[in-house]
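This one's a predicted model, so the numbers in the text were calculated from it and none came from an experiment.
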Amino acid sequence: MNAIETDALAEPEVRDGLRIDPITPAIGVEVGGLRLHGELDQASIDLLRKLLVRHKVLVFRDQDISAQEQVGFARRFGELEVHPVFPRHERFPELVLLGGDGSRPARENIYHSDVSWRELPSMGSVLRCVECPPVGGDTVWVNMELAYRRLPESVKSAIQGLQAVHDMLPGFIDRIEPDRRAWTRLEFPPQIHPVVRVHPESGEKVLYVNEGFTTHLLNYVESGAFGGMPEFATGARTLLDYLFQQARRPEYQMRLRWREKTVVFWDNRSTQHYAIQDYFPAVRRMMRATITGERPLQARAAAASPASLSSGPGDSDAQR
């Protein structure tokens, strides 16, 4: 694995007064020399956006910032969403409160990209550690551009043009009161997104399915022995499970040990993450601001394949 293939840093560098230290060859840098409170100039914001697109996860240590300052920082990168299920900060509804009081384990321990079930999924998230357990509670992030890049060519051919359904309800249904579930389904219906999306800033292809919210492939066509026999169709599930497995490869990952006052800013368009639940009954409390993104763009198929159909709705958005 080399720096060109992974877009990683081979060694620390200094840019515009910031020290940038690589975390792994595949993904993530720790950024030093910058305070996230107060008014950052536009040049600093532009640099952070470039670093985010390139490295996908930016870690800032020792950031003694308030909830208001966290919201203000995140808002410099776009409109913030209000989550319909998670508990929210009483003064700043854009901040979701993650963690608990030690009465039951947290449940973010599944690979996912934040709110991929929205029509306009997240551009990025800004997560701040308010209270950390004495040990444990790490978070893993995955470079899904690299995961796509390393797929066998036969798989790349098979998934070009495929679409998948992303749904919030299976993951959140037990957190929604029964009398609100029908309303939630109407308000947040399942969304169709490309299996391979194009990153709107880098132009890179990204594997965009995740265990947390992707329920099934929409337009997969069974071939081989079970072709034309939907009652025996197993290829779609096998393929989706194989794609899910790519996020679990350590070669594509970084793992962060949290400390209080650590802030992490990551790109939801090109990553997945997994919050490790190994610290219960100790407590880990976080606050997260989520930045609204754009409709994922379908990667254009290089050639037709038995496993793919024309994309249907959204073809006009295909970029590459």
Side-chain angles (χ1 to χ4, degrees), residues 14-21 23 28-99 106 108 112-116 118-132 137 139 141 199-202 256 258-271 273 275 283-295:
V14 176
R15 292 187 59 182
D16 297 341
L18 302 184
R19 180 179 172 88
I20 304 165
D21 289 281
I23 296 174
V29 292
E30 190 163 319
V31 181
L34 184 70
R35 292 297 183 187
L36 304 185
H37 60 75
E39 290 295 328
L40 292 175
D41 59 32
Q42 190 58 45
S44 297
I45 296 298
D46 292 343
L47 175 57
L48 290 179
R49 182 180 282 274
K50 290 178 182 178
L51 293 174
L52 181 73
V53 172
R54 180 182 180 190
H55 301 293
K56 301 167 180 57
V57 181
L58 308 182
V59 178
F60 306 89
R61 299 287 194 182
D62 302 317
Q63 297 292 324
D64 190 11
I65 62 174
S66 66
Q68 181 175 1
E69 288 169 327
Q70 181 180 354
V71 168
F73 171 73
R75 191 170 279 131
R76 297 292 300 276
F77 297 90
E79 180 182 349
L80 304 186
E81 70 159 44
V82 175
H83 199 282
V85 178
F86 281 136
R88 302 188 288 266
H89 193 282
E90 60 182 6
R91 290 181 54 210
F92 304 101
E94 304 92 341
L95 283 181
V96 299
L97 309 179
L98 301 173
E108 292 80 35
H112 66 284
S113 176
D114 288 335
V115 302
S116 69
R118 286 190 182 273
E119 181 182 5
L120 304 178
S122 166
M123 168 268 189
S125 295
V126 178
L127 185 64
R128 176 168 60 103
C129 183
V130 178
E131 180 180 355
C132 295
T139 300
W141 280 271
H199 193 287
E201 295 184 63
S202 71
L256 180 73
W258 290 95
R259 300 196 303 259
E260 288 185 17
K261 302 179 183 179
T262 295
V263 175
V264 179
F265 182 19
W266 70 89
D267 190 333
N268 273 307
R269 302 164 296 186
S270 57
T271 69
H273 57 283
V283 173
R284 191 188 76 163
R285 294 195 302 118
M286 305 286 205
M287 293 186 185
R288 189 189 80 198
T290 307
I291 304 159
T292 301
E294 57 285 299
R295 185 186 300 276

How many angstroms lie between atom [atom1] of [X] and atom [atom2] of [Y], to the nearest 0.5 angstrom?
X: Leu58; Y: Leu18; atom1: CG; atom2: CG; result: 10.0 Å
X: Phe77; Y: Phe265; atom1: CZ; atom2: CZ; result: 4.5 Å
X: Thr290; Y: Leu95; atom1: OG1; atom2: CG; result: 9.0 Å
X: Leu120; Y: Glu81; atom1: CG; atom2: CD; result: 10.5 Å

How close do [X] and [Y] get, heavy atom to heavy atom, and via which atoms?
X: Leu36; Y: Ile65; value: C-CG2, 4.2 Å
X: Cys132; Y: Arg259; value: SG-C, 3.5 Å
X: Arg269; Y: Pro200; value: NH1-CG, 3.6 Å
X: Trp266; Y: Val57; value: CB-CG2, 4.0 Å
X: Val126; Y: Ala74; value: CG2-CB, 3.9 Å
X: Leu34; Y: Leu40; value: CD1-CD2, 3.6 Å

Would you mind reporting whether [Y] and [X] have side-chain heavy atoms less than 4.5 Å apart?
X: Met123; Y: Leu52; answer: yes
X: Asp21; Y: Val29; answer: no
X: Phe92; Y: Gln70; answer: no
X: Lys261; Y: Arg61; answer: no

Original post:
For Phe60, which residues count as a ring-ring contact (aromatic ring centres under 6.0 Å, His included) partner, sequence neighbours excluded?
Top reply: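 ring-ring contact (aromatic ring centres under 6.0 Å, His included) check on Phe60 returns nothing, list empty.
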Original post:
For Asp114 and Ser122, does a side-chain donor sit closer than 3.5 Å to a side-chain acceptor?
Top reply: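 No.
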Subject >> Residue from Arg88, His89, Arg75 passing side-chain hydrogen bond (donor to acceptor under 3.5 Å, both in side chains) with Glu94 >> reply: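 For Glu94, the side-chain hydrogen bond (donor to acceptor under 3.5 Å, both in side chains) test succeeds with only one of Arg88, His89, Arg75, which is Arg75.
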Original post:
Considering the options His199, Lys56, His55, which one meets the side-chain hydrogen bond (donor to acceptor under 3.5 Å, both in side chains) requirement together with Asp267?
Top reply: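 Answer to the side-chain hydrogen bond (donor to acceptor under 3.5 Å, both in side chains) test with Asp267 among His199, Lys56, His55: His199.
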Subject >> Intermediate values then yes/no, side-chain contact (heavy atoms from CB on, under 4.5 Å), Gln42 and Arg76 >> reply: CA-CA 9 Å; Gln42 190 58 45; Arg76 297 292 300 276; 3.4 Å; yes
**OP:** Check the pair Met287 / Leu127 against side-chain contact (heavy atoms from CB on, under 4.5 Å), numbers first and verdict last.
**Re:** CA-CA 6 Å; Met287 293 186 185; Leu127 185 64; over 6 Å; no
**OP:** Given side-chain contact (heavy atoms from CB on, under 4.5 Å), test Trp141 with Ile23 step by step and report yes or no.
**Re:** CA-CA 11 Å; Trp141 280 271; Ile23 296 174; over 6 Å; no
**OP:** May I ask you to check whether over 12 heavy atoms, not counting those of Glu90, lie within 6.0 Å of atom CD?
**Re:**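 No, the 6.0 Å shell around CD holds no more than 12 heavy atoms from other groups.
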Subject >> Whether over 12 other heavy atoms sit under 6.0 Å from Gln68 CD >> reply: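 No - once you tally the heavy atoms of other residues, nucleotides and ligands closer than 6.0 Å, there are 12 at most.
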Subject >> Parallel, tilted or perpendicular: rings of Phe86 and His83 (30°, 60°) >> reply: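 Aromatic pair His83/Phe86 classed tilted.
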Original post:
Excluding sequence neighbours, so at least two apart, what forms side-chain contact (heavy atoms from CB on, under 4.5 Å) with Arg285?
Top reply: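 Testing Arg285 for side-chain contact (heavy atoms from CB on, under 4.5 Å), a comparison that skips the adjacent residues, returns Val130, Glu131, Val283.
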Original post:
Is there a donor-acceptor pair under 3.5 Å between the side chain of Arg288 and the backbone N or O of Ser125?
Top reply: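 No; zero donor-acceptor contacts below 3.5 Å.
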Original post:
Any sub-3.5 Å donor-acceptor pair from Thr139's side-chain atoms to Leu256's backbone N or O?
Top reply: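 Answer holds: no.
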Original post:
Does the side-chain contact (heavy atoms from CB on, under 4.5 Å) test come out yes or no for Arg128 and Gln63, once each step is laid out?
Top reply: CA-CA 9 Å; Arg128 176 168 60 103; Gln63 297 292 324; over 6 Å; no
